[in-house]
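What follows is a set of notes on a single structure, which appears directly below.
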Amino acid sequence: MPFTHRRRAIALPAIIAVSALGLAACSSGSSSPDSSGSGETTDSMEPVELSFLVDNTETSVGIVQALTDAYTAEHPNVTFAIEERPGGGDGDNIVKTRLQTGEMSDLFFYNSGSLFQALAPTKTLMPIDDLANADAISDTFKAGVTADGMLYGVPAGTAMGGGVMYNIPMYEELGLEIPTSWDEFMANNQAILDAGKVPVIQTFADTWTSQLFVLGDFANVLAVDPDWADKYTANEVKYADGSPAIDGFVHQQEVYEAGYLNEDFASATFADGVRMVAQGEGAHYPMLSFALAEVLANSPDNVDDVGYFAMPGAAADSPLTTWLGAGIYSPTTTEHPDAVKDFMNFVATPEACDIQTEAVGAQGPYFVDGCTLPDDVPQMVADMLPYFDAGNTGPALEFLSPIKGPALEQITVEVGSGIRTAEDGAALYDQDVEKQAQQLGLEGW
């Protein structure tokens, strides 16, 4: 196994320094995180089963299963009933509907940032500021799960990159260099096609995977206009206005029109895409770095065959777009708040970080004081760390603005399939965003 208990500390400043919100790197509590609980210990409670809703990706399920198993091992009177849901827009609708109807599980695993804000957290979620380990959670993550000054989630998983997985043996065979600009990326794609291989993998059967050309390009947008997110939130700029914001849509169209996609792009799934890039059936797969868990689970012999680089932009030395990890939340309707909070308090500890690393691998920096990474991280993680070390990162838009239109994944499927032009797709997404901004009651909309 590539993961051991030999540890080295990985700092967070690089992911934070680029944030237009001016977030602090990491809160330093006066003492080490305490896994004993937020108050009353669950050991004195009556036996309880907590329901837990999680999306069906390999990483998310692996994290939740490992954490709940470990917690039950320490607290046998608390067990968990885990339910899986789809990802993407369908999954978002399930979460929102259950919260609105009072039928949400005791715990659920969900995004931080703008999608968290769309849950109306002050009305639907249980605040957890009183957790004993709340101070151990980094201020960066807290900003993504806080509403009206109240904390609602604990971090699950690590910081992630939004870039391009690539097949290392294919690059070595063809003598290719890692691209740092869009022109270099497209030149590599042409060389790969000329060699009779698939340059770019797309997996539109899972529509959420279609968004990476746009979402993963946002660090390049910030590099050109550091204030773009603030202007976007104030309705002063739009995607359809042109470069740099529209570049992600344009690049997705260019890849399709050049004939660089796998033939089954319309029916392939996320799991297919990860397998293809890991086993050399395709060269590139634009994807969040959490896909490493899928490689480890289903193509473990190929984990060292997969590398990672930032989504190439117009300029050289493209920065890596970065995501906060997901959060674990509880609705106001839970009938077991003490047990829920004790479990969430356990999640905010180095012990829980180690459990996650053992279960799904270390995929980036954690957001809890005292958490570290193994010395021998997989190549995908090793490829990301220089971006963090050099400060060559930029946060995804959803962590700088509360606005993310729900139709983006359908629009990028159309652009990536040649059904709609980049210009039409960007304009349609601007309309989608306007509706959401009005629902949020933002000024200027």
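Sequential numbering from 1 along the given sequence is applied to the chain's residues. Being a predicted model, the structure only gives us computed values, none of them experimental.
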Residue pair [X] / [Y], side-chain donor-acceptor N/O under 3.5 Å:
{"X": "D432", "Y": "Q436", "result": "no"}
{"X": "S181", "Y": "D183", "result": "no"}
{"X": "Q410", "Y": "E414", "result": "no"}
{"X": "Y171", "Y": "H284", "result": "yes"}
{"X": "N188", "Y": "E184", "result": "no"}
{"X": "Y152", "Y": "S330", "result": "no"}
{"X": "S60", "Y": "D55", "result": "yes"}
{"X": "N167", "Y": "Y285", "result": "no"}
{"X": "D90", "Y": "N93", "result": "no"}
{"X": "T357", "Y": "D354", "result": "no"}
{"X": "Q117", "Y": "K404", "result": "no"}
{"X": "S114", "Y": "E398", "result": "no"}
{"X": "Q279", "Y": "S299", "result": "yes"}
{"X": "T203", "Y": "T209", "result": "yes"}

Between V347, V145, N345, N133, which is the residue that forms a side-chain contact (heavy atoms from CB on, under 4.5 Å) with V154?
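Of the listed residues V347, V145, N345, N133, the side-chain contact (heavy atoms from CB on, under 4.5 Å) partner of V154 is V347.
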
Only one of L53, V61, V54, L107 clears side-chain contact (heavy atoms from CB on, under 4.5 Å) with I82; which?
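The passing option is V54.
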
Ring pair (Phe, Tyr, Trp, His ring centres under 6.0 Å) between F249 and F213, intermediate numbers included
CA-CA 7 Å; F249 289 98; F213 275 110; over 10 Å; no

Take the angle between the ring planes of [X] and [Y] and call it parallel below 30°, perpendicular above 60°, tilted in between.
{"X": "F52", "Y": "F343", "answer": "perpendicular"}
{"X": "F265", "Y": "F204", "answer": "perpendicular"}
{"X": "W228", "Y": "F218", "answer": "perpendicular"}

Rounded to the nearest 0.5 Å, what separates atom [atom1] in [X] from atom [atom2] in [Y]?
{"X": "K231", "Y": "N235", "atom1": "NZ", "atom2": "CG", "answer": "13.0 Å"}
{"X": "S105", "Y": "Y329", "atom1": "OG", "atom2": "OH", "answer": "13.0 Å"}
{"X": "E281", "Y": "I201", "atom1": "CD", "atom2": "CD1", "answer": "7.5 Å"}

The test is side chain to side chain donor-acceptor pair (under 3.5 Å); show your working for T233 and D230 and say whether it passes.
CA-CA 5 Å; T233 304; D230 291 337; 5.5 Å; no

Are any of the side-chain heavy atoms of [X] and [Y] separated by less than 4.5 Å?
{"X": "R275", "Y": "N302", "result": "no"}
{"X": "L119", "Y": "L99", "result": "yes"}
{"X": "L428", "Y": "R420", "result": "yes"}
{"X": "F290", "Y": "W323", "result": "no"}

Carboxylate-amine/guanidinium contact D241 K238, below 4.0 Å:
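Between K238 and D241 there is no salt bridge, as every charged N stays at least 4.0 Å from the carboxylate O atoms.
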
Minimum heavy-atom distance between A156 and I63, given as atom pair plus value
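Scanning both residues completely, I find the closest heavy atoms to be CB-CG2, 4.2 Å.
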
Looking at F108 versus F80, is the centre-to-centre ring distance below 6.0 Å?
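No, the ring of F108 stays outside the 6.0 Å limit from the ring of F80, centre to centre.
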
Take atom CG of D148 as the centre, draw a 6.0 Å sphere, and report whether it contains more than 12 heavy atoms from other residues, nucleotides or ligands.
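At most 12 heavy atoms, drawn from other residues, nucleotides or ligands, come within 6.0 Å of this atom.
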
